[in-house]
Novice: 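Questions regarding the structure given below will be posed in turn.
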Amino acid sequence: MENLVKLDPDCLFCKIIEGKIPSKKVYEDEDVLAFYDINPSAPIHFLIIPKTHISKLADATMENQQILGKMMLLIPKIALDAGARPGQSGGFKVIVNNGADGGQEVYHLHIHVLAGPRPWKQELLG
Ligand code: AMP
Ligand code: ZN
């Protein structure tokens, strides 16, 4: 993919991309990083982020079409690698919080991926 990496020095997740803040990585390539959520709401809970600073989904533009598509298409494989159960009895949930009413706390676009046996915490719905 064309390299569009632009990072914000004040952004927590940009600092994770740069390795300035540690994270437990699940997957990484030149375009995206996936790492475990520090406060998991399910037995398996990781975040996948673009390696370019996009504050929130509503700020994404058609320039970001490829990276957003790539993130979505990578999720099933990363989820399985992280231990999500395969097949119809297994699966996973994806969530994107957008803005204050969406419950977004970190303003670097991220997709939550949750999996594993239920029950799960309800925090992400609040
Ligand atoms: P959101 O509310 O969608 O913005 O979610 C932000 C998520 O980032 C929360 O689930 C936090 O637990 C998670 N988080 C915050 N800081 C870190 C960190 N340093 N490493 C991993 N996850 C983090
Ligand atoms: Zn950022």
Side-chain angles (χ1 to χ4, degrees):
M1 255 178 76
E2 196 184 333
N3 198 350
L4 293 167
V5 175
K6 287 181 204 125
L7 299 178
D8 174 346
D10 298 324
C11 166
L12 174 68
F13 287 176
C14 284
K15 288 179 190 165
I16 286 180
I17 291 166
E18 291 183 292
K20 289 180 177 164
I21 291 178
S23 68
K24 198 173 163 206
K25 291 176 189 174
V26 198
Y27 174 86
E28 182 169 24
D29 67 27
E30 68 274 25
D31 302 310
V32 307
L33 173 66
F35 56 97
Y36 286 102
D37 197 295
I38 206 167
N39 179 26
S41 292
I44 298 161
H45 182 180
F46 63 87
L47 308 173
I48 180 166
I49 64 174
K51 281 190 173 177
T52 192
H53 184 81
I54 303 166
S55 293
K56 58 184 190 296
L57 183 61
D59 291 339
T61 67
M62 289 308 284
E63 261 189 28
N64 308 125
Q65 184 177 14
Q66 265 193 308
I67 188 72
L68 293 183
K70 179 170 176 177
M71 287 163 67
M72 292 302 280
L73 293 172
L74 278 169
I75 285 170
K77 181 189 174 324
I78 303 173
L80 284 178
D81 288 348
R85 296 181 292 184
Q88 201 156 327
S89 59
F92 55 85
K93 184 189 288 290
V94 299
I95 296 176
V96 178
N97 295 331
N98 184 92
D101 281 354
Q104 186 174 2
E105 287 171 0
V106 178
Y107 279 81
H108 181 124
L109 173 62
H110 51 279
I111 304 177
H112 292 262
V113 182
L114 301 104
R118 286 166 181 269
W120 297 350
K121 284 199 231 161
Q122 295 299 302
E123 270 174 32
L124 274 173
L125 300 176

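Since this is a predicted model, take the numbers as computed values, not measurements. Remember, it's 1-based here, ligands and their atoms both numbered in the order they're listed.
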Novice: State the atoms of ligand 1, each with its element, that fall below the 4.0 Å cut-off from a heavy-atom position in Asn39.
Specialist: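 Near Asn39, the atoms of ligand 1 are 12 (O).
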
Novice: What atom name does the N, O or S atom of His53 nearest to the Zn ion (ligand 2) carry?
Specialist: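 The His53 atom nearest to the Zn ion (ligand 2), restricting to N, O or S, is ND1.
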
Novice: Strictly under 4.0 Å, does any heavy atom of His110 approach an atom of ligand 1?
Specialist: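 Under 4.0 Å: yes for His110.
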
Novice: Measure from the Zn ion (ligand 2) to every N/O/S atom of His108 and report the name of the nearest one.
Specialist: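 Atom name of the closest N, O or S in His108: ND1.
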
Novice: How far is atom 14 (N) of ligand 1 from the closest protein heavy atom, and which atom is that?
Specialist: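 Nearest protein contact, heavy atoms only, for atom 14 (N) of ligand 1 is Ile38 CG2, 3.8 Å.
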
Novice: Show me which atoms of ligand 1 lie under 4.0 Å from any heavy atom of Leu47.
Specialist: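 Counting from 1, the qualifying ligand atoms are 8 (O).
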
Novice: Near Lys77 NZ, under 6.0 Å, is it more than 12 heavy atoms from other residues, nucleotides or ligands?
Specialist: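 No - once you tally the heavy atoms of other residues, nucleotides and ligands closer than 6.0 Å, there are 12 at most.
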
Novice: Which ligand 1 atoms, with their elements, are less than 4.0 angstrom from a heavy-atom of Leu12?
Specialist: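 Those of ligand 1 that fall under 4.0 Å from Leu12 are 16 (N).
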
Novice: For His45 and ligand 1, does the shortest N/O to N/O distance drop below 3.5 Å?
Specialist: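 Looking only at distances, the answer is no, because the N/O contact criterion of under 3.5 Å is not met.
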
Novice: Looking only at heavy atoms of Phe35, does any of them come nearer than 4.0 Å to an atom of ligand 1?
Specialist: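 Contact check Phe35 vs ligand 1: positive.
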
Novice: Do any N/O atoms on Ile16 end up under 3.5 angstrom from N/O atoms on ligand 1?
Specialist: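 Ile16 vs ligand 1: no N/O contact under 3.5 Å.
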
Novice: Going by heavy atoms, is Gly103 under 4.0 Å from ligand 1?
Specialist: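 Contact check Gly103 vs ligand 1: positive.
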
Novice: Within the 4.5 Å heavy-atom criterion, are Phe92 and Ile75 side-chain neighbours or not?
Specialist: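 They are in side-chain contact.
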
Novice: Tell me whether Lys51 is salt-bridged to Asp29, with the criterion being a basic N under 4.0 Å from an acidic carboxylate O.
Specialist: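 No, no charged N to carboxylate O under 4.0 Å.
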
Novice: What residue and atom, counting heavy atoms only, is the protein's closest point to atom 7 (C) of ligand 1, and at what distance?
Specialist: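 The closest heavy atom on the protein side is Asp37 OD2, 3.5 Å.
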
Novice: Please say whether more than 12 non-hydrogen atoms of neighbouring residues, nucleotides or ligands are located less than 6.0 Å from NZ in Lys56.
Specialist: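 Atom NZ in Lys56 is crowded, with more than 12 foreign heavy atoms closer than 6.0 Å.
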
Novice: Determine, stepwise, if the pair Phe13 / Leu47 fulfils side-chain contact (heavy atoms from CB on, under 4.5 Å).
Specialist: CA-CA 10 Å; Phe13 287 176; Leu47 308 173; 3.6 Å; yes

Novice: Of the backbone atoms (N, CA, C, O) and the side-chain heavy atoms from C-beta on, which set of Phe13 has a member under 4.0 Å from an atom of ligand 1: side chain, backbone, both, or neither?
Specialist: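 Side chain only.
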
Novice: With the threshold set at under 4.0 angstrom, would you say Glu123 reaches ligand 1 through any of its heavy atoms?
Specialist: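 Contact absent.
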
